[in-house]
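Encoded as structure tokens, the structure appears first; notes follow it.
Residue numbers run from 1 in the order of the sequence given.
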Amino acid sequence: MPAFNTLRIDKDPRQPRIARLLLNRPECLNAISDDMPAEIRAAVEWAGNDDEVHVIVVEGAGKGFCGGYDLAASAEQHIEHPCQQEAMPWDPMRDYRTMKRYTEDFMSLWRCPKPTIAKVHGAAVAGGSDIALCCDLLVMAEDARIGYMPTRVWGCPTTAMWTYRLGATRAKQLMFTGDIIDGRTAADWGLANQAVPAAELDAAVLKLAERIAGVPIGQLQMHKLIANQVMLAMGLEQSQMMATVFDGITRHNPEGMWFRRHAQEHGFKAAVQWRDSGQPIPEGAEAQALIRAMERKA
């Protein structure tokens, strides 16, 4: 089996037609590092090229599926990164190239000729929800959580999967609020295929994966291509291009820069608490004034 730094992939010993892709950074809630997106793509390609594998299950080690991008250290420090540029003017195409590559890496789960199932326990939030929603099917523990809190400030889901998976009305509700929903709600809304008690999650996913694994690979590929073509015809690639550009804007507009400076002064946890609390987020001229004050203080 191939070896990676941020994940593991191997065949399920109970059923070798099922590949298990395990996000394996449990010490930080499987947060997305710079290496993880490319390793996800490489692992998916390995499973896609193995004729014995019929279906891929994606899951997380430890307490949850994935807590999003690993941002705490970079948000608190003045680090120059394509997606968090300190030098001005901001270069949007430099930002876009990096984030589009990550998005394409996640989308390898969607483009893989074989079905992919996200098995979600704990949290699949922010960038972690991108990974989960790029999978074809989603099975959640009833008490698991999914959402994209950075839509409140400093983020836009680059895969743009929420509307395609959930419909415009529900997607707008989550994007406008940054709220998270549990597995029961996700299943009720049609985002998740199934929600089960946490103790039954592995058995439920194995049952579904084994049912799929009995179908010839060619049949699975044809039906996946048909379903994906509908989403492409609806403009998925154009939506992702716009979403990825907008994601960069959210990190470099006055509101995004305020969030970053607040994290640098008070810590990332404090900035996130403000973001998620529901209290008004400084914007426009107010945000710019606060940025100047924090920079003078620094």
Side-chain angles (χ1 to χ4, degrees), residues 6-15 18-32 36 40 43-44 47 55-70 106 109-110 112 114-151 157 159 161-162 164-167 170-171 173-175 177-213 272 276:
T6 67
L7 55 85
R8 283 203 322 257
I9 188 165
D10 50 26
K11 297 177 184 179
D12 192 313
R14 298 164 291 187
Q15 171 51 273
I18 301 171
R20 295 268 185 170
L21 193 165
L22 180 74
L23 306 178
N24 196 28
R25 302 184 72 214
E27 70 283 357
C28 55
L29 299 178
N30 301 313
I32 302 165
M36 183 180 284
I40 289 174
V44 170
V55 59
I56 304 168
V57 174
V58 184
E59 54 197 324
K63 295 181 179 180
F65 182 82
C66 177
Y69 283 92
D70 196 352
F106 297 154
L109 293 158
W110 187 83
C112 177
K114 300 170 182 180
T116 54
I117 304 171
K119 172 191 168 188
V120 174
H121 74 293
V125 293
S129 68
D130 279 322
I131 297 172
L133 296 183
C134 283
C135 294
D136 300 308
L137 305 177
L138 175 61
V139 180
M140 298 180 66
E142 291 177 340
D143 61 353
R145 306 174 306 285
I146 189 167
Y148 208 99
M149 306 86 73
T151 59
T159 63
M161 278 293 186
W162 287 94
Y164 292 92
R165 295 290 298 266
L166 194 54
R170 295 293 196 189
Q173 178 178 337
L174 293 182
M175 296 302 98
T177 63
D179 288 345
I180 59 175
I181 56 175
D182 62 20
R184 297 180 190 88
T185 304
D188 288 343
W189 286 9
L191 182 67
N193 297 83
Q194 189 178 2
V196 298
E200 300 173 17
L201 181 60
D202 191 62
V205 171
L206 181 61
K207 181 179 179 180
L208 176 60
E210 286 183 326
R211 178 71 173 171
I212 293 170
V272 168
D276 296 348

Just wondering, do [Y] and [X] contact through their side chains at under 4.5 Å, heavy atoms?
X: V139; Y: K119; result: no
X: L191; Y: I181; result: yes
X: V196; Y: V205; result: no
X: T116; Y: L21; result: no
X: W189; Y: Q173; result: yes
X: Y148; Y: D130; result: yes
X: T159; Y: Y164; result: no
X: N30; Y: C28; result: no

Indicate the atoms forming the closest heavy-atom contact of [X] with [Y], along with that distance.
X: D136; Y: P115; answer: OD2-CA, 3.2 Å
X: A126; Y: G68; answer: CB-CA, 4.2 Å
X: L206; Y: I18; answer: CD1-CD1, 3.8 Å
X: A141; Y: A198; answer: CB-CA, 3.9 Å
X: M140; Y: L201; answer: C-CD1, 3.8 Å
X: A61; Y: L22; answer: N-CD1, 3.5 Å

At what distance, to the nearest 0.5 angstrom, does [atom1] of [X] lie from [atom2] of [Y]?
X: D12; Y: E210; atom1: CG; atom2: CD; result: 7.5 Å
X: D70; Y: I32; atom1: CG; atom2: CD1; result: 9.5 Å
X: L109; Y: K114; atom1: CG; atom2: NZ; result: 13.5 Å
X: M161; Y: L166; atom1: CE; atom2: CG; result: 13.0 Å
X: H121; Y: R145; atom1: NE2; atom2: CZ; result: 10.0 Å
X: L23; Y: T6; atom1: CG; atom2: OG1; result: 7.5 Å

CA sep, side-chain torsions, deciding dist, call: L208, N193, side-chain contact (heavy atoms from CB on, under 4.5 Å): CA-CA 10 Å; L208 176 60; N193 297 83; 5.5 Å; no

Residue pair R20, D10: steps toward the side-chain contact (heavy atoms from CB on, under 4.5 Å) verdict: CA-CA 6 Å; R20 295 268 185 170; D10 50 26; 4.1 Å; yes

Evaluation steps, side-chain contact (heavy atoms from CB on, under 4.5 Å), between V58 and V44: CA-CA 10 Å; V58 184; V44 170; over 6 Å; no

Donor on one side chain, acceptor on other, T185 and D188, under 3.5 Å: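 There is no such pair between these side chains.
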
Heavy atoms from other residues, nucleotides or ligands near CZ of R8 exceed 12 (cutoff 6.0 Å):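 No - once you tally the heavy atoms of other residues, nucleotides and ligands closer than 6.0 Å, there are 12 at most.
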
